[in-house]
2 protein chains.
Amino acid sequence: MQPSDSLREQMIAQYDAMSPQLQQAARYVLEHPEEVALVSMREVARLAGVQPATMTRLAKFLGLPGYDELRAHYAAALRQGGDGFAAKVRQRVDGGSETVASDIAIHMLQGLSAQLAKLCEPDSLRRLEATADRLRSARKVYVLGLRSSHAIAWHFHYVMTLLGERSVHLDGPGGTGGDALIRATPEDVMLVISIKPYATGTLELAQLAKEKGVGIVSITDSEVSPLVALSEQAIFCPTESDSFFHTLTPALAVSEVLCSLLAEFDRPKTLEALQQADDHLSHLNTWRSPTLSATLGQ
Amino acid sequence: MQPSDSLREQMIAQYDAMSPQLQQAARYVLEHPEEVALVSMREVARLAGVQPATMTRLAKFLGLPGYDELRAHYAAALRQGGDGFAAKVRQRVDGGSETVASDIAIHMLQGLSAQLAKLCEPDSLRRLEATADRLRSARKVYVLGLRSSHAIAWHFHYVMTLLGERSVHLDGPGGTGGDALIRATPEDVMLVISIKPYATGTLELAQLAKEKGVGIVSITDSEVSPLVALSEQAIFCPTESDSFFHTLTPALAVSEVLCSLLAEFDRPKTLEALQQADDHLSHLNTWRSPTLSATLGQ
DNA sequence: ATTTAAATGATTTATTTGTTGCAAACATCT
DNA sequence: AGATGTTTGCAACAAATAAATCATTTAAAT
């Protein structure tokens with residue numbers, strides 16, 4: 001709204017060329033941009049003390065097809081101000097004409113970029129930190145994520161394995177995934193990852209764990225996710241995408257941040273663990289070329 | 001908007017008491033409060049995927065006289081938000097001595113956000129498109145990603161499975177992962193995901209596939225990745241992170257974009273495949289609550 | 001002072017809005 | 001099963017909306 005608001009600048013520049021009524025309308029719009037976005041044209045006109053038609057005339061004077069475009073302009077500005085950056089994901093390309101592949105790709109990537117930026121909000125950060133704390137205090141960390149969330153769960157577990165031996169991935173062939181919970185205790189914590197639609201298996205296992213006194217923390221997609229009721233801590237990450245599928249990219253980012261916070265907490269221990277892992281994997285000829293510890297990640 | 005938003009809290013509290021349609025409406029309102037304030041009820045209903053009447057019913061369910069009051073509530077919140085955004089930033093700044101953990105998280109997330117934005121460069125887009133084209137023309141798509149790249153490979157395969165039967169994930173217990181290549185032909189394509197340090201197993205299998213005439217496309221981290229020499233197409237995604245580990249978030253984003261491009265290419269077929277998958281999974285009681293095809297993703 | 005052009009106000013029109021009433025579909029419980 | 005109450009989709013409605021049209025006023029120029 002503030003920077004490079006072309007309409008705003010145009011109104012200021014052409015203000016002197018306007019008729020008195022137009023000036024009055026423009027002045028009100030300049031001083032109350034939110035109202036333009038939030039209330040009807042007639043109401044804005046009433047507040048500005050001009051005729052409704054004057055608002056239409058103002059829009060046309062500015063070179064717009066009609067008042068709707070003026071409103072749309074200020075609505076877009078409010079969206080960005082309102083919730084930070086995140087608003088790019090909406091509005092499919094309705095340009096009627098055939099959409100090119102690179103258009104789709106750009107929209108997706110920019111949307112994802114905005115969603116990650118939104119995770120920087122104070123509330124999200126607090127949740128990230130609280131969740132990391134809770135995980136840190138656990139004796140063992142059970143990681144649960146079924147179906148699409150499996151990728152996230154697996155990755156979290158993989159990284160945690162490089163860091164130590166506290167992580168247990170609840171997954172396995174023949175439906176034995178939940179067996180590892182047999183010896184779970186209240187000293188343990190379970191990290192559950194699930195987004196809509198929520199897999200029943202995930203909820204059942206989490207419920208079971210909770211009944212055994214295991215603390216639950218979760219990565220999920222909404223305040224009204226069924227996981228919230230089970231969890232001591234929850235991190236919410238957006239999953240909307242303009243494609244057919246929900247996106248897991250923000251969830252993976254959250255998982256990586258959690259891993260980092262856990263690793264950073266005790267740097268010496270982390271470095272030692274990574275060195276160990278490096279030695280081990282080197283002996284197995286895992287990597288194509290010699291690898292520094294600092295390069296770990298695969 | 002966040003603190004003491006009575007309506008928000010009420011919706012969360014009474015969410016379980018709502019009918020499915022009301023829940024869908026409420027969920028959208030919770031996740032897109034700005035839209036409620038900025039666009040018409042019918043438009044919100046369309047975006048939320050419910051009937052217009054449902055929005056009215058939601059308002060009444062919450063004890064309001066009508067939808068207008070609901071909109072007014074969010075409009076008021078947004079009015080404060082207009083300059084409240086500045087307040088949010090201020091809160092972050094004057095909190096000067098923010099905890100170290102938050103600093104780490106912010107740095108990581110902003111970095112990731114920037115990396116995704118960078119993927120929008122023309123060169124990257126061209127590579128994405130070319131890779132999608134190559135995958136589209138394949139009879140079968142073999143997906144290979146070991147160690148940390150496993151998460152990406154698995155996710156790509158999972159989504160492709162929902163879309164059809166062309167995908168084969170080269171992974172399996174007891175080191176049998178590569179066996180599926182036995183009947184690979186030059187009509188097939190292999191998608192290889194690998195970042196530094198490159199797993200020897202990945203390179204060996206990719207080499208073998210290439211010798212059988214299978215086309216190779218890859219997601220990797222550099223022009224000088226050993227995968228480049230084997231590949232017809234390669235997409236480069238950044239992996240640097242200021243944590244101990246390399247990040248896979250951009251790679252996942254690339255994978256998701258590829259899936260979207262493939263899905264978008266033949267929308268009718270995609271929709272049919274998703275419907276099929278939906279039916280199948282519904283019969284198995286996979287999901288907690290009924291799921292629309294459009295909701296797929298887990 | 002008269003003419004002319006622009007600006008403003010009032011009126012009308014075609015849409016679009018939020019709401020409501022009703023019937024079909026659905027689940028629930030004897 | 002059968003009956004009952006809820007949920008859902010649809011269509012109709014009146015109110016409100018933005019824009020277009022026409023009439024009136026105002027200001028400027030000859």
Side-chain angles (χ1 to χ4, degrees), chain A residues 7 11 14-29 32-33 35-76 94 224, chain B residues 7 11 14-29 32-33 35-76 278-279 282-283 285 287-295:
Chain A
L7 269 189
M11 284 173 84
Q14 305 193 338
Y15 187 80
D16 292 329
M18 296 181 193
S19 73
Q21 291 293 298
L22 280 186
Q23 287 190 346
Q24 193 171 336
R27 170 173 277 263
Y28 183 85
V29 171
H32 305 274
E35 298 305 312
V36 178
L38 291 171
V39 308
S40 75
M41 181 192 82
R42 300 174 100 86
E43 184 69 3
V44 174
R46 200 185 58 79
L47 293 168
V50 300
Q51 292 271 338
T54 305
M55 300 309 300
T56 299
R57 288 166 180 153
L58 174 64
K60 304 221 160 177
F61 179 88
L62 296 171
L64 301 172
Y67 181 81
D68 274 334
E69 282 71 21
L70 200 155
R71 194 220 308 278
H73 179 266
Y74 283 101
D94 49 332
V224 292
Chain B
L7 268 189
M11 284 173 83
Q14 303 193 340
Y15 187 80
D16 292 326
M18 296 180 192
S19 73
Q21 287 296 106
L22 280 186
Q23 287 190 343
Q24 195 171 332
R27 176 178 268 259
Y28 183 86
V29 172
H32 305 273
E35 298 303 310
V36 177
L38 291 171
V39 308
S40 74
M41 182 194 82
R42 291 179 118 95
E43 183 68 3
V44 173
R46 200 185 59 78
L47 292 168
V50 301
Q51 293 271 339
T54 305
M55 300 308 299
T56 297
R57 288 166 181 153
L58 174 65
K60 305 222 156 175
F61 179 90
L62 296 171
L64 301 172
Y67 180 82
D68 279 332
E69 282 72 20
L70 201 156
R71 193 220 314 272
H73 180 266
Y74 283 101
D278 201 8
D279 290 347
S282 293
H283 280 103
N285 256 347
W287 314 120
R288 155 98 166 216
S289 44
T291 161
L292 302 168
S293 306
T295 292

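Keep in mind the model is a prediction, meaning the values are calculated, not measured. Keep in mind that the numbers below use all heavy atoms, side chains included, and drop hydrogens, waters and symmetry copies. First the proteins, then the strands, lettered A, B, ... as listed; each starts at 1.
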_I need the minimum non-hydrogen distance between T54(B) and L22(B), along with the two atoms involved._
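For T54(B) versus L22(B), the nearest heavy atoms are O-CD2, 3.8 Å.
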*Taking all non-hydrogen atoms of both residues, which atom of V39(B) and which atom of R71(B) are closest, and how far apart?*
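Looks like O-NH1, 3.2 Å.
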Separation of [N] [atom2] from [X] [atom1] (nearest whole Å):
| X | N | atom1 | atom2 | answer |
| --- | --- | --- | --- | --- |
| F61(A) | dA6(C) | CZ | P | 14 Å |
| L22(A) | dT8(C) | CG | C1' | 10 Å |
| D68(B) | dA15(D) | CG | P | 15 Å |
| M55(B) | dT17(C) | CE | C1' | 14 Å |
| R46(A) | dG9(C) | CZ | P | 16 Å |
| M18(B) | dT8(D) | CE | P | 12 Å |
| M41(A) | dA20(D) | CE | P | 11 Å |
| Q51(A) | dA19(D) | CD | C1' | 14 Å |

Among [options], which nucleotide sits nearest the side chain of [X]?
| X | options | answer |
| --- | --- | --- |
| P20(B) | dA18(D), dT7(D), dG18(C) | dT7(D) |
| K60(A) | dA20(D), dA10(C), dG18(C) | dA20(D) |
| A53(B) | dA10(C), dT20(C), dT17(C) | dT20(C) |
| R71(B) | dA7(C), dT7(D), dG18(C) | dG18(C) |
| Q21(A) | dA18(D), dT8(C), dC10(D) | dT8(C) |

[X] side chain vs [Y] backbone, donor-acceptor pair below 3.5 Å:
| X | Y | answer |
| --- | --- | --- |
| Q24(A) | A48(A) | yes |
| R46(B) | P52(B) | no |
| Q23(A) | Y15(A) | yes |

*Looking at T56(A), does any N or O in its side chain come under 4.0 Å of the phosphate oxygens OP1/OP2 on dA18(D)?*
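No, because none of the side-chain N or O atoms of T56(A) sits under 4.0 Å from OP1 or OP2 of dA18(D).
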*Looking only at side-chain N and O atoms, does S19(A) come under 4.0 Å of OP1 or OP2 in dA6(C)?*
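The answer is no; no side-chain N or O of S19(A) sits under 4.0 Å from OP1 or OP2.
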*Quick one: does R42(A) reach the base of dA18(D) with a side-chain donor-acceptor pair under 3.5 Å?*
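A donor-acceptor contact between them is present.
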*Indicate, yes or no, whether a donor-acceptor pair under 3.5 Å links the base of dG9(D) to the side chain of R57(B).*
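Checked by distance alone, the answer is yes.
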*Nearest-nucleotide wise, let me know which of T54(A) and P65(B) is further upstream toward the 5' end of DNA chain C.*
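With P65(B) and T54(A) compared, the 5'-side residue is T54(A).
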*Look at all strands and tell whether P52(A) reaches a base, only sugar-phosphate, or nothing, counting heavy atoms closer than 4.0 Å.*
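The residue P52(A) makes no contact with any strand.
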